[in-house]
2 protein chains.
Amino acid sequence: MTRSDSTTRDGLLDAAESLFAEHGFASASVRAITESAGANVAAVNYHFGSKLELIKAVLERRVGPLNAERLRRLDLCETRVDATLEDVVAAFVEPALAMVRNEEDRTSLARLLGNVFSQAGAELRPVLLDLFGPLIERFVVALERFLPGLAPRQIYWRFHFMVGATSFTVGLGNIAQAYSDGACDPSDADHLERELVRFVAEGFRHGARAPGDAS
Amino acid sequence: MTRSDSTTRDGLLDAAESLFAEHGFASASVRAITESAGANVAAVNYHFGSKLELIKAVLERRVGPLNAERLRRLDLCETRVDATLEDVVAAFVEPALAMVRNEEDRTSLARLLGNVFSQAGAELRPVLLDLFGPLIERFVVALERFLPGLAPRQIYWRFHFMVGATSFTVGLGNIAQAYSDGACDPSDADHLERELVRFVAEGFRHGARAPGDAS
DNA sequence: GTCTATATAGCGATAGAC
DNA sequence: GTCTATCGCTATATAGAC
């Protein structure tokens with residue numbers, strides 16, 4: 001594969017991402033994907049080997065950079081002495097919301113990532129653990145520094161709640177707009193970001209001592 | 001249909017619920033469902049008319065009572081003068097967690113309900129809005145009483161975050177056990193319930209005045 | 001690297017006997 | 001109300017021409 005002919009491969013990834021987001025991994029067919037990409041039906045098998053490998057490639061292309069950015073921001077928190085719990089939460093939340101923010105096609109990437117956990121069947125579970133496992137460990141360690149006095153299981157559960165709120169918002173933020181009769185506007189990303197970060201940070205904080213307080 | 005022959009119908013609902021939860025609506029086939037129920041392949045079409053109608057019946061059988069219980073507990077909050085924000089949150093969260101708690105088969109109902117929003121395709125969206133719309137309105141009104149000073153869009157977004165955290169926990173609580181290396185135990189329902197209710201309540205509370213404070 | 005044609009299998013749904 | 005048999009369709013995947 002040369003650089004010039006990667007357009008078909010990339011076109012397949014783009015089309016697959018969009019259709020997976022819209023219909024789910026199972027319901028988006030290889031035929032629909034190739035047709036949407038303007039490629040031949042056999043292209044998926046030629047370039048990826050199977051539909052499952054295509055799904056993995058779609059995930060890795062997006063989740064890799066997303067989690068790399070999260071870790072980059074977490075590094076910043078850990079080198080700055082004036083970092084707050086809100087900064088750590090924002091390091092996790094904001095890169096995810098940024099994908100919605102910069103997305104012209106609202107039914108594409110964001111919805112896919114938001115629903116990736118619930119959509120994933122047994123065959124994708126190991127892939128997700130590989131992609132997210134190291135990230136979780138790093139964040140839990142960082143959170144412990146800001147939340148002295150909490151038991152590990154409390155940190156893990158609250159981290160789980162954060163993932164749930166974030167995924168649900170990234171994937172299904174538009175339904176909030178529907179049932180709130182327009183009061184919630186997902187395109188007002190600044191407000192949404194501020195609300196989610198503070199909601200999660202306050203949820204994390206309760207029952208913990210102030211950082212550095214040894215009492 | 002007489003009372004006595006409803007066993008086939010109920011068996012289909014049970015089998016469908018379990019297989020939908022395990023494989024998703026799209027991937028769980030009518031053939032697998034009827035086989036699992038010990039019924040004939042034609043039984044789904046005879047009793048429900050189509051696969052989509054079967055999905056609707058499965059959802060309504062469970063979501064109806066769940067939301068009825070939530071509203072019953074919300075009514076209690078509104079008649080008691082000493083009710084707290086935590087009580088309102090618990091009215092939403094605990095009936096959902098109770099389904100996990102009392103569930104022998106961990107891959108069944110709970111996972112289905114937790115993932116119902118992300119699994120639902122376009123054809124199920126109206127059904128879900130019918131099932132959840134009135135509930136949302138009631139809760140938002142009740143929450144406003146406990147959160148003076150917050151804008152409606154803040155209440156709606158935070159409600160959305162609560163739904164996300166709750167759904168994710170109900171549907172995928174077992175993955176927290178996996179990546180926390182056993183520190184999180186979903187079967188310790190009392191601890192999980194307390195953590196989730198307080199996490200959400202503190203998230204709701206920030207930036208609001210104390211209830212009754214007109215300052 | 002892209003194409004057509006096809007192998008193989010599973011799907012939802014239905015007709016008609018019992 | 002349950003059964004078998006089957007229709008019509010779609011799916012993934014592949015073989016082989018170009």
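Note that this is a predicted model, so its numbers are computed, not measured. Numbered from 1 within each chain, the chains take letters A, B, ... in sequence-line order.
One interatomic measurement links the two molecules: OH of B:Tyr46 to C1' of C:dG12, which rounds to 19 Å at whole-angstrom precision. Rounded to whole angstrom, the span from the CD1 atom of B:Ile33 across to the P atom of C:dG12 amounts to 7 Å. As rounded to whole Å, 15 Å separates atom P of C:dA13 from atom NE2 of B:His47. Distance, B:Leu12 CG to C:dG12 C1': 15 Å, rounded to whole Å. Rounded to a whole Å, the NZ atom of B:Lys51 is 12 Å from the C1' atom of C:dA13. Going from atom CG of B:Asn45 over to atom C1' of C:dT14 covers 7 Å, rounded to whole Å. When rounded to the nearest whole Å, the span between CD1 of B:Ile55 and C1' of C:dA13 equals 15 Å. Here D:dT14 presents its P atom at 15 Å from CZ of A:Phe48, a figure rounded to the nearest Å.
Side-chain proximity of B:Ser50 to the nucleotides C:dA13, C:dG1, D:dA13 is greatest for C:dA13.
Salt-bridge check for A:Asp188 with A:Arg194: failed, with every basic side-chain N at 4.0 Å or more from each acidic carboxylate O. A:Asp14 and A:Arg61 are joined by a salt bridge, as a carboxylate oxygen and a charged side-chain nitrogen come within less than 4.0 angstrom of each other. The pair A:Asp87-A:Arg73 does not count as a salt bridge, with every side-chain nitrogen at least 4.0 angstrom from each carboxylate oxygen. Ion pairing of B:Glu17 with B:Arg62 is present here, as a side-chain N (NZ or NE/NH1/NH2) and a carboxylate O approach within less than 4.0 Å. Residues A:Lys56 and A:Glu123 are not paired through a salt bridge, judged by the lack of any N-O separation under 4.0 Å between the basic side chain and the carboxylate.
Residue B:Ser29 places at least one side-chain N or O under 4.0 Å from the OP1 or OP2 atom of C:dC11. One finds no side-chain N or O of B:Thr8 lying less than 4.0 angstrom from the OP1 or OP2 phosphate oxygen of D:dG1.
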Distances under 3.5 Å between nitrogen or oxygen atoms of protein and nucleotides 3-8 of chain D:
residue	atom	partner	partner atom	Å
D:dC3	OP2	B:Asn40	N	3.3
D:dT4	OP2	B:Asn40	ND2	3.4

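Note: B:Phe159 and A:Tyr179 have perpendicular aromatic rings, judged against thresholds of 30 and 60 degrees for the angle between ring planes.
With no hydrogens or angles considered, a side-chain donor-acceptor pair links B:Arg158 and B:His206 at under 3.5 Å.
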